[in-house]
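First the proteins, then the strands, lettered A, B, ... as listed; each starts at 1.
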Amino acid sequence: MQRSERPSPYDPKAVEGRLYEQWESSGYFHEEPDPARPPFIICMPPPNVTGRAHLGHGSTYTPMDVLVRYHRMLGDNADWIPGTDHAAIATEARIVAELKAQGTTRDALGRRRFLERAWEWSRTYGGEINEAFRALGFGPDWQRLRFTMDDGLSAAVRKVFVKLYRDGLIYRGKRLVNWDPVAKTTISDAEVEHEERDAVLYYVRYPICANAQTGPREFNRHSAHAARPPRAKPAGSPDPLTTSHIIVATTRPETMLGDVAVAVHPEDERYTSLIGKSVLAPPLLERSIPIIADASVDPSFGTGAVKVTPAHDAADYEIGERHGLGMPSIMGLDARISAADVDVGSYEGLSREDARRCVVDALRDQGLLVKEEPYRHAIAISERTGAVIEPLLLEQWFVKTTPLAKAALDAYRDGRIRFVPERYGRTYEQWLTQIRDWNISRQVWWGHQLPVWYTEAGEIVVAESEEEALAQAQRLYATGDLTRDPDTLDTWFSSALWPFSILGWPEQTQELACWYPSQVLVTGYEIIFLWVARMVMLGLYVMGKEPFGAVFVTPLVFDAQGRKMSKSLGNAIDPMELVEKYGADAFRMGMMRQLRLEAQDVRFQESRCEEGRNFNNKIWNASRYALSLPEALPAALTLPKANALTLADRWILTRLHDTIIEVTQLFDGYDFGNAAERLWHFIWYEFCDWYVEATKLETSKPTRAAVLSFVLNNTMRLLHPIEPFISEEVWRLLPHDGETIMTATWPDPLEVPVDRDAADSFAWVTRQVVWLRNERAHGAKGKLLYKSAVTDEQRELIAHFSRYEGRERDNAFHLELFGPNVSSATFTIPVSGGRIEFVGNRDELVPRQKKEIARLRSEVERSEQKLRNERFLAHAKDDVVEIERAKLKENRETLRALEAVLSELESQA
RNA sequence: GGGCGGUUAGCUCAGUGGGAGAGCGCUUCCUUGACACGGAAGAGGUCAGUGGUUCAAUCCCACUACCGCCCA
């Protein structure tokens, strides 16, 4: 290849698309199950079909790609299985919005045509994110791409549903559920978010009534009032007889219409005498409800007395259950007041918000509103739509979670599943410990319709197919007249089956035999509950084995100021733009360098991608240099004989050896941030800055081509998981074995010779060079004269790197300085292993010397003090004391020499 | 209310029971046989605060303050 074909700077656009197409068309991403090799399988968390690539994919999916590429190079039976989630609620919302724009509605269209449309939409837009993944260099096994709504997965969903139902783990029941009035569906507890908002706490007077059944005798003195027919008082005229009441604090006055009790804490002395009495429920004052005692009431909240509305509040629901109270619902699915269960007077049809205003007005008019105070509290929000959740009492389908959760907890507690970082295991544990039954029925149409039918008499038939359902109905209920339940399943139900359904279950495939369970699940912590815990529960239940051995939890991505990235804030970064600007490799490297093992978030800095681009250019140019050497590169990957290697060769090979070991360990420990940093440091600051520079020396010529190509070849293989494109490009340009770096073997440290003495010797050279460069930066000029302790090779290196011309004289190591602007002072400066004779500008030197002397003095003092301390000598480890002594000795010597130089300088003044 | 994480250089972050680190940014110098998307040198920090353990604490423990996340 000609030089003109490898221009600088490196152009990722000329490389990435071309290589990706080659990889894909050559089938390098595809793998067949092979029981002879260790499996390494990652199930891709299926992105929503509505989704677009965002930075979160960078932080979560890049590690997956890195791991699979790494394990493929290790020779494992590695495969990354991709897929897409049908995202029931999100997709349905998208289609509904489209229909609205066209002036129609879901119901007008009808279920069949709506679903056709959703399918069409999914097929049209569902692939978009996969194109982004390709641009990012992600290499899943595209031939195995699955969709949660495809036939195989749908069959798996039905089968698991039926199995759970027959085992008594799925049931239908009327329970308080989370209703999303915007999406018009229930959602599970895990999809509810809590948000702190300013609200008003209303203190409302509930008049006590005393009648024969509920009013104790002590209250007979109020019988005149209590006997009065319960009627709302006309506005502005509070009844002077209402002298007895209980004051209740609430943030939701509109739900008073459905109150069934007032509750106080059983040990709250303020109210013990009232327990068992009745009050009239405002604002209608037409129903009398009891005052009850329940330990869940917090005496310090408000007045210590709370209203109980079981059909519209989770805590109240539990109180209602405990006390066998009625549960009238006062709101319909449109979150408007409804008179279905109980009289709601003129409030019928009002929205939640309007009803609140009207009730508060009425209370005020009735004189029942005691006070209003500002109050900040958390309200339930639908994660998907942002709507305020309305708890409603509805007939829904549930998964009975207790037995499933127990098995999932055992798997964690027995160590069959471990979390990285470990602390997320406790999050998982906590959630499973207090898990409630999982509401799985949704009122959207896009999704897996429940495999449930009802007879005319209302009997339930659950079966995997309509034929089977009919047969069952015929057999059990002697009817063929069935209606299918219109509800669909929670999207997360199908996702929970992902690790085995994508492998072909319920068919007993080779994939299933080899690749279940997988080794590691990689995901963000926000879906530990939604997804991870449920995969474990259902994996254990269906397969009898946990679906993965490890869960690697990646951090969430925030902007550089630590704010959540969102469209509304305008701070969201499109990864495709970064790929466009810097290349996929640079983006991946930039992202990986920011991942920290224990971090829960990343403040993403775009500058890291720019640095990545610069880094790639550095690699590119180093390889251009290797390719441009006048001597030819060796045909194969070979090293010169050990005794021919130069000091620099031995050093870089030793460093390579250590780097291979370290990067391997870091990848094995999922520490991508440090792995990336280690590679970065090795390539840029060791290989390029020192080794490539050293190869420009005469003595390096016989070995440099082979060593350069050997080190680059190994380094590109180390780099490949993180930067797949440039590593492949460079690897192919240099001597290599095989067609692609993707299936090249992972570097073996045993193949890299190690020479610790040479490495130390070279390291000493670098320290002298830094020192001399410092002198040069301060204007010192002259020539180096070497002392005998320094080898020829070291002298040559020092002269080359420091750019001081070297010369031998009297076997002494000197730096002799000349120059028109240099005063005639001559003095020696010690360096470890020798001394440097030095001529410099006195006026510049004196303050610098003084500063250094002061620093050394304090160092020496500190050491002396330490070594005088008998307790230190007695307690500290021997090597620590030894290091301290050596440090003191060296610092004392340097100090003496510098002081001598200083006095010499001052005497010449 | 319960739980968890964080606080180290201007910024983003590493790190370790015994000499404070990186990248970027900044200052100065340099186009030297790949690279200015580069090279060299340098400045810059009472490691949030208080107390404890220890011969020794930025690191371990306790408390406080502030920031953030999760759960209810």
Looking only at side-chain N and O atoms, does A:Lys618 come under 4.0 Å of OP1 or OP2 in B:G39?
yes
I need a per-nucleotide contact map over nucleotides 1-7 of chain B, read 5' to 3'. Cutoff is protein heavy atoms under 4.0 Å; write B for the base, S for backbone only, - otherwise.
--SSS--
If you check every side-chain atom of A:Phe529, which of B:C71, B:C69, B:A41 has the closest atom?
B:C71
Test item: A:Glu195 side-chain N/O and A:Ile381 main-chain N/O as donor-acceptor pair under 3.5 Å
no
Strand contacts (RNA chain B) in residues 579-590 of chain A, 4.0 angstrom heavy-atom criterion:
none
Return no unless some side-chain N or O of A:Asn616 is found under 4.0 Å from OP1 or OP2 of B:C37.
no
Pair listing, ring-ring contact (aromatic ring centres under 6.0 Å, His included) test, anchored in residues 854-881 of chain A, at least two apart:
none
Nearest listed nucleotide, side chain of A:Lys866, among B:A41, B:C13, B:G19:
B:G19
Only one of A:Glu882, A:Arg892, A:Arg862, A:Lys866 passes side chain to side chain contact (heavy atoms under 4.5 Å, CB included) with A:Lys887, and that residue is A:Arg862
So do the side chains of A:Ser296 and A:Ile319 get within less than 4.5 Å of each other, counting heavy atoms only?
yes
Gap between atoms CD1 and C1', on A:Ile883 and B:A56 respectively (whole Å)
14 Å
Options B:A34, B:G23, B:U12, nucleotide nearest the side-chain atoms of A:Val692
B:A34
Find out whether A:Met589 and A:Asp585 are in side-chain contact, i.e. whether some heavy atom of one side chain is under 4.5 Å from a heavy atom of the other.
no
Could I get a table of every N or O pair under 3.5 Å where one atom is in the protein and the other is in nucleotides 26-31 of chain B?
none

Taking the P atom in each of B:U50 and B:U58, what is the distance between them to the nearest angstrom?
11 Å
Check whether any side-chain heavy atom of A:Trp690 sits under 4.5 Å from a side-chain heavy atom of A:Val769, and report yes or no.
yes
Select one nucleotide: of B:G38, B:A72, B:C24, the one nearest the side-chain heavy atoms of A:Ala378.
B:A72
Which word best sums up how the rings of A:Phe301 and A:Tyr375 line up, parallel for under 30°, tilted for 30 to 60°, or perpendicular for over 60°?
perpendicular
B:U12 OP1/OP2 closer than 4.0 Å to side-chain N/O of A:Arg608
no
Of the listed B:A41, B:G33, B:G23, the closest approach to the A:Lys696 side chain comes from B:G33
For RNA chain B, stems built from three or more consecutive Watson-Crick or G-U wobble pairs below 3.5 Å:
B:1-7 with B:65-71, B:10-13 with B:21-24, B:26-30 with B:38-42, B:48-52 with B:60-64
Atom pairs and distances, donor-acceptor, side-chain atoms in residues 523-532 of chain A, under 3.5 Å, two or more places apart:
residue  : atom : partner  : partner atom : Å
A:Trp531 : NE1  : A:Ser495 : O            : 3.0

Quick check for you: among B:A72, B:A40, B:G23, whose closest atom lies nearest to any side-chain atom of A:Gln605?
B:G23
Side chain of A:Arg624, heavy atoms from C-beta onward: which of B:G18, B:A34, B:G23 has the nearest atom to it?
B:A34
Do A:Thr60 and A:Thr554 meet the criterion of a side-chain donor-acceptor pair at a distance under 3.5 Å?
yes
How far, in whole Å, is B:G33 from B:U27 if one measures between their C1' atoms?
30 Å
A:Phe687 versus A:Ile619: any side-chain heavy-atom pair under 4.5 Å?
no
Look only at the side chain of A:Arg423 and the backbone of A:Val420, and say whether a donor-acceptor pair between them is shorter than 3.5 Å.
no
Determine the interatomic distance between P on B:C70 and the same-named atom on B:A48; round to the nearest Å.
25 Å
Can you check the distance between B:G18 and B:U64, where both ends of the measurement are the P atom (answer in whole Å)?
28 Å
What distance, rounded to whole Å, do you find between the two P atoms, one in B:A65 and one in B:A22?
35 Å
Verify the contact: side-chain N or O of A:Tyr428 to OP1 or OP2 of B:C70, cut-off strictly under 4.0 Å; return yes or no.
no
